Amino acid sequence: MHKALLEWFEKNGRHALPWRQTTNAYHIYLSEIMLQQTQVSRVQEHFYPLFLKHYPTIKDLANASLEDILSHWSGLGYYNRARNLHKAAQSLQKEFPKTKKELLKLAGIGEYTASAIASFAFNECVAVVDTNIKRVLQRLFNKEKLSNKEALELANKFLNYKNPKKHNLALMDLGAMICTAKEAKCELCPLEPFCKGKNEIEKFLSQAKQKRVQKELHFAISVDKNKIALTPSSGSMYKNMLLLPTPKSKSKLLGSYKHNYTKYNLTIYLYNSSPKEQNLEWIECDNFLQAPIPTLIKKAHPFIKNYLSSKKMQEKRV
Ligand code: ADE
């Protein structure tokens, strides 16, 4: 089974992914954090190269301000990942931890991420179990119910001790490309001859899609002398970031737009209104997009520009 898996991987694996072409532990660490909740293509094409350009070493990350890091994380969502990266970078005294055991001590690093970095950066002999790999193991060994602990035990039993890194990456790619949640392309699978679940594959296929939640948000556009009012977010989702403030009045609607974020389908309404909040930060309108704001607020930018130009026209007329 190990041989069949690695032969398939050599020919079909996603070897061109940039974080697979390096052994720089910081780069691999960053990729794993980004990939936790973001699609491979978005990380690969945009966020990973951009972030590394700004913070080429973990020292650069440690020396940057949290606001600066959050503004470069904008668009990725799940901002706690960025806060933990900063915390972890600042906690490092000398060199990057080299073992799973040491990695587990860093902020934001759990079982999966510690194993992934230990395996992919240092070739440590540890099993890596993400949701893809767990699914492959469940089907391969025909285990409909498998706790995370049991999956890890099974993965350790099945680990290829001669080639642990390639084995883990191969299982990951098999789960992402062949043995996917919605379908199993058994005819293309190198492990098909050994698979105990292949004849009962229907019971493993997921139909369930997470229900999306419709939500409306209301924000104030309040401008004074080319500065726009923002307010620190009070919720945990956007902690340390700025948002547009809440409108005092909803009588002057400037526009609306849609934004999808995690499970939410948001409709955002913008009003010309003074803000309800007392706690305001006035940002130059020209610097709006560089502020630590999430994408849902960045999308208000064209409306702000429109509002500013119509305000200027009015002032001219007066
Ligand atoms: N290569 C290494 N880790 C990966 C991940 N989490 N997703 C896709 N490819 C990877």
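Since this is a predicted model, take the numbers as computed values, not measurements. This chain uses plain numbering: 1 for the first residue, then up along the sequence. Order of listing sets the numbers, starting from 1, for every ligand and every atom in it.
Within the listing of ligand 1, atoms 6 (N) sit less than 4.0 angstrom from a heavy atom of Tyr112. When each atom of ligand 1 is checked for a heavy atom of Arg14 under 4.0 Å away, the hits are 8 (C), 9 (N). Close contacts between ligand 1 and Leu35 involve ligand atoms 4 (C), 5 (C), 6 (N), 7 (N) [criterion: under 4.0 Å to a heavy atom]. Per-residue contacts place Phe120 under 4.0 angstrom from the following atoms of ligand 1 (heavy atoms of the residue considered): 2 (C), 3 (N). Listed by number with element, the atoms of ligand 1 under 4.0 angstrom from any heavy atom of Leu17 are 9 (N).
Of the candidates Arg20, Gln44, Lys165, Gln39, Arg20 brings a heavy atom nearest to atom 1 (N) of ligand 1.
Checked against the 6.0 Å centroid criterion, the rings of Phe9 and His15 qualify as a close aromatic pair. The aromatic ring centroids of Phe303 and Phe219 lie 6.0 Å or more from each other. If you look at His72 and Phe51, their ring centroids are not closer than 6.0 Å.
Protein heavy atom in closest approach to atom 3 (N) of ligand 1: Glu32 OE2, 2.4 Å.
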Verdict with reasoning, Lys227 to Asp224, per side-chain contact (heavy atoms from CB on, under 4.5 Å): CA-CA 5 Å; Lys227 290 193 173 176; Asp224 185 25; 5.6 Å; no
Is there a side-chain contact (heavy atoms from CB on, under 4.5 Å) between Asn160 and Leu5? Walk through the geometry before answering. CA-CA 10 Å; Asn160 183 337; Leu5 181 62; over 6 Å; no
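The backbone N or O of Lys258 lies less than 3.5 Å from a partner atom in the side chain of Lys299, making a donor-acceptor pair.
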